[in-house]
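For reference, the structure discussed in these notes is given below.
Each chain gets a letter, A, B and so on, in the order the sequences are listed, and its residues count up from 1.
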Amino acid sequence: MDDLNAIYGRMAEAIVVGDPEAAAGLARRALEDRLDLQDVIEKGYIPGIRRVGLLWESGDYFLPELISSAACMKAAMAVLKPALEASAAVGLSRGRIVIGTIEGDIHDIGKNLVASMLAANAFDVVDLGADVKPDRFIDAAVEARADVIGLSALLTTTMLGQRRVIERLRERGLRDRFKVLVGGAPANRAWAADIGADGYGENALAAVARAGELVAEKRSS
Amino acid sequence: MIPALRPRIELLSREFVDKIVGEAFTILDREGVFVENGEARGLFREAGMPVDASSLRVRIAPRLVEDCLAATPASFSVWDRSGARELSIGGDEVHFDPGSAAPRVLDSATGRERKGLTSDVVRLVRLTDACEHIHLQSTALISSDVPPIVGDSYRLYLGLLYSAKPSVTGTFRVEGFKPMLDMLAAVRGGSEELRRKPLAIFDACPSPPLKWSNLTAQSLIDAARAGVPSELISMSLTGATAPVTLAGALVQHTVENLSGLVICQLARRGSPVVFGGSPASFDMRKGTTPMGAMETMMLDLAYAQIGKALKLPTHAYMGLSDAKLHDAQSGFETGIGAVLAALAGINVVSGPGMMDFESTMSSEKLLIDNDICGMAYRLLAGVAQREEPIAEHLFAGIRPDTQFLTMPHTRTWYRAEHIPAVLADRDTYDAWEGAGRKSIGDRAAERVRTLLEALPPNLPDPALRAELRSIMETDARRNGLDRLPELD
């Protein structure tokens, strides 16, 4: 067997260069070799996606690299997930988030990016897609026992739907059960405050950071 | 007299245009497009095209595209509210209209963006009406003081009330077309009169890649049947919703616009259609859609050239900026865009007044941009020979103290040859300082105030006003709004 650190390094590298076959292949080998999956994720893949984040921040990486790396992360996790669930490994998920683009809005580039970055950062993501009705967000969040509901809107005409979801949460007596994170081109911090959302992400990485904070807030309350 | 040469710009060789169009035809034939509208799919089925109802995919054979292209007029006209003034949309005519459908305004008093209100829409419409170099209105701003559902008809209502200029507009809902058409027909005094003299152009945007939503396809069909021109606004984002290369994005643009054109022609043969768009060079860092990027403008110039090669009227979103205030970026992006659009002979150029990625309108910027458009028109007019000989006779008997200020030649030609600056600063430093060190934004804000005070609202007669109001009120009531906001 290769030196473990070398294997972890290759996992990280697969994420950094955006090679989904390598990322998934290394995950399969990790299963065959019965490696500690928690270590595989925390010492292999997560350092890779962190390095991607640093490369983004330094201005070396742009959206194509960022999204490709997130897709690699997803490919590796898909391989590991059944085994993780079977072993009932806990403490890996950083929180569960139900996400979607608001009713009447078919634009989902921004939402997809946020969803894949969340997944790449070890959140459990339930992606409802685009054109999602307010109650569907809430029903899905209840069913998934989500920590956070993420609402995306690209159009100013549809961003009003973000307020509607929060109103429906109140009407259904569920406002305290979930943190609400909003984003999308027309949204901003003032809008998030205005509609009573718990957080606002101006871009995918900010959304991931804010989601982490919201989960921590929720779990400590 | 030697006439002025019309300056022009082209980015593509004929061979390149043909190759792009060729690939577009192949994609239409092999992959097709996605049409979410059942009525539109029915039209394709009747035309013998393979339609897959479950995937919504419609394949369009080259012969149908060719046939529909041949049926589309190379130019058409729109008329103003009175029906007397005609604007030709086609050839190398260039008409500017304000950028379209912004949700926000830049507040003159605070310098910050906020949601648009009825009073903002009225102000923009009145200023546009007064702008010499902006030939068309657009329903440039959405009012947040009416429910979003009637936002489409309401902005057209205000445009028709406060301006005589024809307008570029569009629907936000399938049901929006009817009241909007009723208002246009009311202005003309009937739907047949409207068909003969269109008053508005309706924008319809496919969803990239290669999809016509239920709403936009319905708008194409409804407009075609009513004799209302449609403007096809393909809006691919390079590397995100379209190929990353400019040429690749142009292929997709051509596929989307041609499929829209076919829908229009199947709905009613001979319908006027504009080959337009609002693509953008997607920002790979910010995830934004910069309209002021050079690559965005290159896409605009190139697809317009393709539209011209297909013998269609053209449109682009140019002469606008992504800046958030009246700064150097706002000026250079708008100026470069307006000049390039004019040089390309793009028929409808939507942009003046617009900033922040097509999301915000500014009254001040509208007036600044009016001057930019004036400069673009001056450029198009070119250098002409005015007299024979050109100047030999002016130098006959020249002496060291000869000057030209008092020559009759100067008096005869200076107004035709040189346009005076309205808002641009051409003061000496001392004069500028003495006048309070004002920026162009400051001067534009003053001009906004003086124009609005000086100009009476350009209202139609009371009977038409009442009829428009009645149509709007009916639409508003049907959508749960009992009272329209007060108008001054």
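Within a 6.0 Å radius of CZ in Arg112(B), no more than 12 heavy atoms belonging to other residues, nucleotides or ligands are found. More than 12 heavy atoms of other residues, nucleotides or ligands sit less than 6.0 Å from atom CZ of Arg219(A). Within 6.0 Å of the NZ atom in Lys324(B), the count of heavy atoms belonging to other residues, nucleotides or ligands exceeds 12. Sparse packing is recorded around NZ of Lys74(A), with 12 or fewer heavy atoms of other residues, nucleotides or ligands lying under 6.0 Å away.
Heavy-atom neighbours of chain B within the stretch residues 133-145 of chain A, taken at a separation under 4.5 angstrom, are nonexistent.
Annotation: the span from Arg285(B) atom CZ to Leu66(A) atom CG amounts to 8.5 Å, rounded to 0.5 Å.
Pairing each heavy atom of Met284(B) with each of Trp56(A), the nearest pair is O-CZ3, 3.8 Å. Smallest separation of non-hydrogen atoms from Leu63(A) and Asp283(B): CD1-O, 3.7 Å.
Applying the ring pair (Phe, Tyr, Trp, His ring centres under 6.0 Å) test to Phe202(B) and every residue at least two apart in sequence or in another chain returns Phe177(B).
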